Amino acid sequence: MEKHIQTFLNKVSYLEIIVATFTLLLVFLFQTPPETCIDPTHNPYHKPHPRSSCDAAAHRPITTITKKNRRLWSTHTWRKSVDSFSSIFHDLQTLKHISNHTHALIVSAGGGQAVMSLKEIGLHDITGVELVDSPPLVSRADPHNLPFFDGVFNLGFSAYLDQGLFPWRYVRELERTVMVGGVVVVCVEECGNGEMNEVLKLFKKSEFSQARNVTLMGSKMTMVITKRIKVRS
Ligand SMILES: *[C@@H]1O[C@H](CO)[C@@H](O)[C@H](O)[C@H]1NC(C)=O
Ligand SMILES: *[C@@H]1O[C@H](CO)[C@@H](O)[C@H](O)[C@H]1NC(C)=O
C-alpha cells in the first residue's frame with residue numbers, strides 16, 4: 001500500500017476511536033437522571049422534587065466524585081478562579097453586603113468556584129446552581145426557573161447574566177428568591193453608565209446601590225449591586 005494511503009487510513013481509525021469514545025461518554029452522560037435533583041433535606045426552602053429521579057442520583061458512587069473533585073480543586077486554574085471571586089466577595093464584605101450569616105445563592109455557578117470562595121470567606125449557607133450539576137458544590141437548576149420559594153436568600157449573585165437566554169427572566173428569578181432588604185449582584189462585561197442603565201432596566205423589584213469595575217478571571221467586568229425593595233404587586 002502506498003505510504004500516504006496508509007497514513008490516511010491511520011487517521012481514519014484514530015477518528016473512529018475518538019468518535020466511539022465520545023459516543024460512550026454521551027451514553028454515560030444521558031444515564032444520569034433528567035430531573036433537577038437537589039436534596040430536599042439539605043435546605044427546607046427547596047420546592048419538593050419528584051422522588052423517583054432523585055433516588056437514582058443517590059446511587060452515583062461518591063468516591064468517584066471525591067476523587068475527581070480533589071484532582072480538579074488542586075489545579076492552578078481552579079485556584080486562580082476561586083481567588084478571583086474572593087477578591088470581589090471581599091469587596092462585598094467591606095461594603096457590608098455579606099457577612100458569615102448571609103444565605104447566598106449563586107446562579108450560573110459553573111463548577112462551584114464562587115461557592116468555594118464564599119465558603120472560604122466564612123459563609124456556611126451557600127446554594128450554587130447551574131444547568132449541569134457539579135456535586136457537592138453545585139446543584140442542577142434552570143436560572144430562568146429557580147426551584148426555590150420567594151425571598152429565601154439575602155444575596156443573589158451571578159457573574160454570567162450575559163449568558164442567560166432570557167435576561168429579564170433571569171433577573172426576575174434572582175429578585176424573586178432574594179428577600180426584601182437583601183442584595184442582588186450581577187457582573188456584566190465592563191460598561192459605562194448608559195449600558196449599565198440598560199442592565200438596571202431588567203430589575204423591577206430592586207434599586208441601584210453601587211457599581212464597581214472589577215477583574216474576574218482576567219476579564220474586565222462591571223459589578224452592579226442592587227438592593228431588593230418592597231414593591232406593590
Ligand atoms: C467569619 O468566618 C471566618 C471563617 O470561619 C472567621 O475567620 C471570621 O472571624 C468570621 N467573621 C465573623 C465576623 O464572625
Ligand atoms: C467602568 O469603566 C468604564 C470605562 O470602561 C467607565 O465608563 C465606568 O464609569 C466605570 N464604572 C465604574 C463604576 O467605575
Side-chain angles (χ1 to χ4, degrees), residues 39 42-45 66 69-70 72-74 78-129 134-139 152-164 167-168 170-171 174-175 177-179 181-229:
D39 180 2
H42 168 68
N43 185 332
Y45 302 114
T66 315
N69 282 337
R70 220 179 292 137
L72 173 68
W73 294 346
S74 64
W78 177 270
R79 193 63 249 167
K80 247 175 60 183
S81 27
V82 172
D83 290 345
S84 178
F85 278 109
S86 301
S87 78
I88 66 171
F89 289 140
H90 277 304
D91 273 355
L92 291 177
Q93 228 176 0
T94 313
L95 295 166
K96 304 263 185 257
H97 290 309
I98 53 175
S99 75
N100 284 359
H101 305 295
T102 297
H103 188 179
L105 169 68
I106 312 280
V107 177
S108 299
Q113 294 89 336
V115 175
M116 183 173 275
S117 161
L118 284 176
K119 263 189 211 296
E120 288 178 359
I121 285 177
L123 275 70
H124 20 76
D125 204 339
I126 312 150
T127 301
V129 296
S134 298
L137 299 177
V138 179
S139 314
V152 292
F153 300 101
N154 310 108
L155 166 75
F157 176 89
S158 176
Y160 299 102
L161 168 63
D162 314 42
Q163 291 170 18
W168 63 273
Y170 196 109
V171 169
L174 272 168
E175 287 187 304
T177 49
V178 169
M179 65 185 72
V183 285
V184 178
V185 180
V186 295
C187 294
V188 294
E189 203 176 307
E190 189 178 88
C191 62
N193 282 346
E195 282 158 293
M196 193 175 67
N197 283 335
E198 290 305 308
V199 174
L200 285 169
K201 277 185 194 158
L202 299 169
F203 289 78
K204 307 292 184 202
K205 296 179 175 173
S206 315
E207 62 186 20
F208 174 68
S209 172
Q210 276 142 321
R212 284 271 195 283
N213 282 343
V214 297
T215 303
L216 191 57
M217 290 182 284
S219 303
K220 289 178 158 209
M221 302 190 96
T222 298
M223 172 163 73
V224 184
I225 306 167
T226 68
K227 197 164 193 92
R228 179 74 165 77
I229 52 166

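Hydrogens, waters and symmetry mates are skipped; everything else that's a heavy atom, side chains included, is used. Quantities reported herein were computed from a predicted structural model and do not represent experimental measurements. Start at 1 and go down the list; that is how both ligands and their atoms are numbered.
- Side-chain contact check for Val178 versus Leu105: every heavy-atom pair is 4.5 Å or farther apart.
- Remark: ligand 2 atoms within the under-4.0 Å shell around heavy atoms of Ala211 are 13 (C).
- Looking at ligand 1, you'll find an N or O of Asn100 within less than 3.5 Å of one of its N or O atoms.
- Counting only heavy atoms of the protein, atom 5 (O) of ligand 2 lies nearest to Glu190 OE1, 2.8 Å.
- Each of the atoms 1 (C), 2 (O), 3 (C), 8 (C), 10 (C), 11 (N), 12 (C), 14 (O) of ligand 2 lies under 4.0 Å from some heavy atom of Asn213.
- For atom 14 (O) of ligand 1, the nearest protein heavy atom lies under 4.0 Å away.
- Under a cut-off of 6.0 angstrom, the local environment of CD in Glu120 is crowded, with over 12 non-hydrogen atoms contributed by other residues, nucleotides or ligands.
- Among all protein heavy atoms, the one lying closest to atom 4 (C) of ligand 1 is Gly122 CA, 3.8 Å.
- Within the 4.5 Å cutoff, the side chain of Asn69 has heavy atoms near those of the Pro136 side chain.
- Below 4.0 Å from some heavy atom of Cys191 lie the following atoms of ligand 2, by number and element: 1 (C), 3 (C), 8 (C).
- Counting only heavy atoms, the protein never gets under 4.0 Å from atom 9 (O) of ligand 1.
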Open item on the list: If you apply the rule side-chain contact (heavy atoms from CB on, under 4.5 Å), what do you find for Val185 with His97, and how did you get there?
Closed with: CA-CA 10 Å; Val185 180; His97 290 309; 5.9 Å; no

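- None of Ile121, Val115, Leu123 except one satisfies the side-chain contact (heavy atoms from CB on, under 4.5 Å) rule with Lys119; the exception is Val115.
- Separation of atoms CG (Asn100) and OG1 (Thr102) is listed at 8.0 Å; rounding is to 0.5 Å.
- Interface of Gly192 with ligand 2, defined as ligand atoms under 4.0 Å from a residue heavy atom, comprises 7 (O).
- Among Ser84, Ser86, Ser81, the single residue meeting the side-chain hydrogen bond (donor to acceptor under 3.5 Å, both in side chains) criterion with Ser117 is Ser86.
- The shell of residues lying under 4.0 angstrom from ligand 1, judged by heavy atoms, includes Ile121.
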